[in-house]
Colleague: 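Here you go, one structure.
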Amino acid sequence: MNAFRFLGFLLIMTLVLACKKDTLPTDREVTLRFSQDTVIFDTVFTTIGSATQYLKVFNPEKSAVNLSDIRLARGSASKFRMNVDGVPGIQFQDVEIPAEDSIYIFLEVTLDPNNMNTPLIVTDSILFTTHGNVQDVDLVAWGQDAYFHAPPPGYSAFFLNTCNTVWNNDKPHVVYGYALIDTSCSLTINAGAGIYFHANSGLIALSNASLHINGTATDPVRIEGDRLDPPYEDIPGQWGRIWLSAGSVDNTVDYAIIRNGSVGIHADTVGNTNPTVTLRNTVIENMSIAGILAQGARIEGENLMVSNCGEYVLALALGGDYKFRHCTFANEWSYEVRQTALLGISNWYEDVDKKIQHRDLTQAYFGNCIIYGTQANEVDLSLKAGALSNYFFENCIMKVDGTVNINDGSHFQNITKVNPLFQPDGIYTYALDSLSPAVDKGLSTITNDAPIITVDITGNTRTQGTGPDIGAFEKR
């Protein structure tokens with residue numbers, strides 16, 4: 001019997017030891033590690049929730065650690081919201097982290113309006129208590145009050161409050177839905193203003209309406225999505241488009257930076273004699289569809305840098321009348337495989353009955369321009385004999401293959417097929433390297449054609465060397 005008792009005792013001890021959990025240390029010297037010591041939310045507009053940030057909390061010990069308390073220091077008064085391993089709250093108790101493991105804490109912030117034009121800073125911290133040892137991680141949110149433009153509940157578009165509206169730079173303008181410039185009215189956006197579109201939002205100029213964007217070299221107008229903190233700061237497709245609809249008149253865009261939408265400028269079919277839009281000294285970049293989408297429109301463009309779009313950097317469809325001088329059209333789109341050339345030109349479309357309808361391409365002129373990207377051929381000429389096909393490339397650097405006959409003197413003159421050698425400090429810059437073949441190779445006759453282009457996109461004079469540079473930038 002004694003032997004059986006001894007065997008039974010061994011069996012019980014074996015089961016107990018097998019089921020025993022890791023011993024939780026009670027040493028006050030236990031120290032957690034964090035993926036960052038400060039979580040920063042950059043430029044959050046008041047009343048708009050931030051992007052979600054995360055904090056990773058590591059247990060470096062070889063045994064499990066019990067966090068007796070995790071809480072926001074400001075408690076219920078905090079502007080921050082916290083989610084610990086899938087559970088929302090402001091305070092958590094007895095959270096266990098297994099040996100040499102970690103947990104995630106997800107964070108958001110929403111700021112209250114302060115009716116001030118200057119930015120505000122909101123701070124808090126997360127306190128971690130482990131066996132009496134208290135550690136903290138700081139939370140910082142930079143925010144700013146703004147003008148909010150939004151439709152009535154249940155609507156996706158709205159008319160601007162006044163017929164001739166002016167948006168100044170005293171506070172940012174945040175737009176929900178599509179803002180409509182009514183017939184015979186105008187919207188003027190002055191230098192230094194920031195326009196931030198929410199998802200599925202944009203701007204539409206109706207028939208006989210006008211848009212005027214009046215930036216300067218030192219105070220450009222910025223137009224982008226309303227989520228500015230990482231990772232949203234460079235994500236395309238965050239908002240819709242600026243749509244200059246059929247019949248809109250005398251639209252002008254000068255010194256603007258337009259980025260991270262679906263279509264930068266959508267210029268629609270018009271019948272008047274004035275350009276649908278005149279674009280000068282403007283950057284359009286990182287659009288999920290197209291930088292400029294023109295449909296039978298009239299556009300004059302000078303000193304433009306249009307780059308990195310999911311389909312076309314510049315799409316000139318349904319004919320039209322276009323003149324571009326000293327522009328850089330570049331595409332190094334890297335989000336997914338791009339299937340199109342960066343420049344597309346057509347003079348036809350297929351109607352609902354599958355019939356081809358022709359539209360005259362009265363003019364598509366490119367002078368002293370750079371057209372360069374990652375595709376073997378970056379120019380798609382889809383032109384049919386049933387309508388005018390008047391296009392001409394003069395003194396340009398182009399990326400084309402054998403499908404484009406640059407030896408055809410009726411459409412091409414002085415074309416160079418070389419790498420333009422952009423500066424290597426970022427794919428979204430496209431300024432010229434000192435060894436660029438574009439330096440001093442521009443034709444002055446193109447630069448001096450009315451209206452004379454005296455400066456580049458950054459305000460530098462166009463006569464620094466023996467001649468103007470090709471493209472939007474002058475090499476300093």
Side-chain angles (χ1 to χ4, degrees), residues 189 191-192 211-223 242 244 251-259 264-265 267 275-287 291-292 294 297-309 313-314 316 322-331 342-343 363-372 393-398 420-423 426 428-433 436 438-465 467-476:
I189 304 175
L211 170 66
H212 303 293
I213 298 178
N214 300 328
T216 66
T218 55
D219 283 308
V221 171
R222 295 191 65 90
I223 300 174
I242 297 173
L244 308 175
N251 301 293
T252 58
V253 178
D254 205 356
Y255 286 108
I257 300 172
I258 305 171
R259 61 194 313 270
I265 298 290
T276 310
V277 59
T278 300
L279 300 164
R280 295 190 178 98
N281 312 303
T282 290
V283 173
I284 303 175
E285 63 183 6
N286 210 31
M287 296 289 158
I292 299 174
R298 297 192 70 242
I299 298 177
E300 291 184 5
E302 303 165 6
N303 287 340
L304 306 182
M305 190 197 83
V306 190
S307 65
N308 297 332
C309 299
V313 162
L314 178 61
L316 309 179
Y322 311 100
K323 183 178 182 180
F324 296 99
R325 295 182 297 152
H326 281 291
C327 297
T328 297
F329 301 110
N331 208 351
L342 71 84
L343 169 60
Q363 174 185 226
Y365 175 81
F366 297 83
N368 285 348
C369 290
I370 296 175
I371 302 167
Y372 199 85
F393 295 82
E394 183 179 13
N395 201 58
C396 295
I397 293 176
M398 301 173 63
L421 296 181
F422 299 119
Q423 286 185 4
Y428 298 109
T429 303
Y430 298 113
L432 299 176
D433 184 81
S436 171
V439 174
D440 295 341
K441 292 301 190 293
L443 287 180
S444 297
T445 53
I446 297 172
T447 309
N448 295 332
D449 189 18
I452 298 174
I453 303 175
T454 59
V455 297
D456 76 347
I457 191 172
T458 64
N460 293 319
T461 178
R462 277 286 179 190
T463 58
Q464 293 191 34
D469 295 351
I470 297 173
F473 295 92
E474 283 287 314
K475 176 60 185 172
R476 296 189 180 185

Colleague: Ignoring hydrogens and geometry, is there a side-chain-to-backbone donor-acceptor pair from Asp469 to Asp440 under 3.5 Å?
Modeller: yes
Colleague: For the residue pair Ile446 and Ile453, establish whether any side-chain heavy-atom pair is separated by less than 4.5 Å.
Modeller: no
Colleague: Mark yes or no for whether His326, through its side chain, and Gly471, through its backbone, hold a donor-acceptor pair below 3.5 Å.
Modeller: yes
Colleague: If you round to the nearest 0.5 Å, how far is CZ of Arg298 from OG1 of Thr276?
Modeller: 7.5 Å
Colleague: Only one of His212, Arg280, Glu300 passes side-chain hydrogen bond (donor to acceptor under 3.5 Å, both in side chains) with Thr252; say which it is.
Modeller: His212
Colleague: To the nearest 0.5 Å, what is the distance between CD1 (Ile213) and CD1 (Ile257)?
Modeller: 11.5 Å
Colleague: Donor-acceptor pair, Gln423 side chain versus Leu432 backbone, under 3.5 Å?
Modeller: yes
Colleague: Indicate yes or no: at least one non-hydrogen side-chain atom of Met287 is less than 4.5 angstrom from one of Ile258.
Modeller: yes
Colleague: For the atom pair CG (Leu314) and CD1 (Ile265), what is the distance rounded to the nearest 0.5 Å?
Modeller: 12.0 Å
Colleague: Shortest non-hydrogen contact from Pro220 to Ala217?
Modeller: CD-O, 4.1 Å
Colleague: Stepwise, does the side-chain contact (heavy atoms from CB on, under 4.5 Å) test hold for Ile370 with Phe422?
Modeller: CA-CA 11 Å; Ile370 296 175; Phe422 299 119; 3.9 Å; yes
Colleague: Under 4.0 Å between a Lys/Arg side-chain N and an Asp/Glu carboxylate O for Glu285 and Arg259?
Modeller: yes
Colleague: With rounding to the nearest 0.5 angstrom, report the CG to SG distance, Leu342 to Cys309.
Modeller: 9.0 Å
Colleague: To the nearest 0.5 Å, what is the distance between CG on Asn251 and CD1 on Ile299?
Modeller: 10.0 Å
Colleague: Please determine which of Phe324, Phe329, Phe366 meets the ring pair (Phe, Tyr, Trp, His ring centres under 6.0 Å) test together with Phe393.
Modeller: Phe366
Colleague: Against Tyr365, only a single residue in Arg325, Glu394, Lys323 fulfils side-chain hydrogen bond (donor to acceptor under 3.5 Å, both in side chains); can you say which?
Modeller: Glu394
Colleague: Please answer whether the main-chain N or O of Glu474 pairs with a side-chain N or O of Asp456 as donor and acceptor at a distance below 3.5 Å.
Modeller: yes
Colleague: Identify the heavy atoms of Gly301 and Cys327 that sit nearest to each other, and give their distance.
Modeller: O-SG, 3.8 Å
Colleague: Nearest 0.5 Å, what's the CD-OG1 distance between Glu302 and Thr278?
Modeller: 8.0 Å
Colleague: Is a donor on one side and an acceptor on the other found under 3.5 Å between the side chain of Thr216 and the backbone of Ala191?
Modeller: no
Colleague: Just one of Ile457, Asn303, Asn460 clears the side-chain contact (heavy atoms from CB on, under 4.5 Å) bar with Phe473, so which one?
Modeller: Ile457
Colleague: Show, in sequence, the C-alpha distance, side-chain angles and deciding distance for Ile284 and Leu304, and conclude whether the side-chain contact (heavy atoms from CB on, under 4.5 Å) test is met.
Modeller: CA-CA 8 Å; Ile284 303 175; Leu304 306 182; over 6 Å; no
Colleague: Would you say Asn368 and Asn395 are linked by a side-chain donor-acceptor pair, where the criterion is simply a distance under 3.5 Å?
Modeller: yes
Colleague: I would like to know whether Tyr430 and Asn308 meet side-chain contact (heavy atoms from CB on, under 4.5 Å); could you show each step before the answer?
Modeller: CA-CA 11 Å; Tyr430 298 113; Asn308 297 332; 3.0 Å; yes
Colleague: Ala297 and Ala267: which non-hydrogen atoms are nearest, and at how many Å?
Modeller: CB-O, 3.5 Å
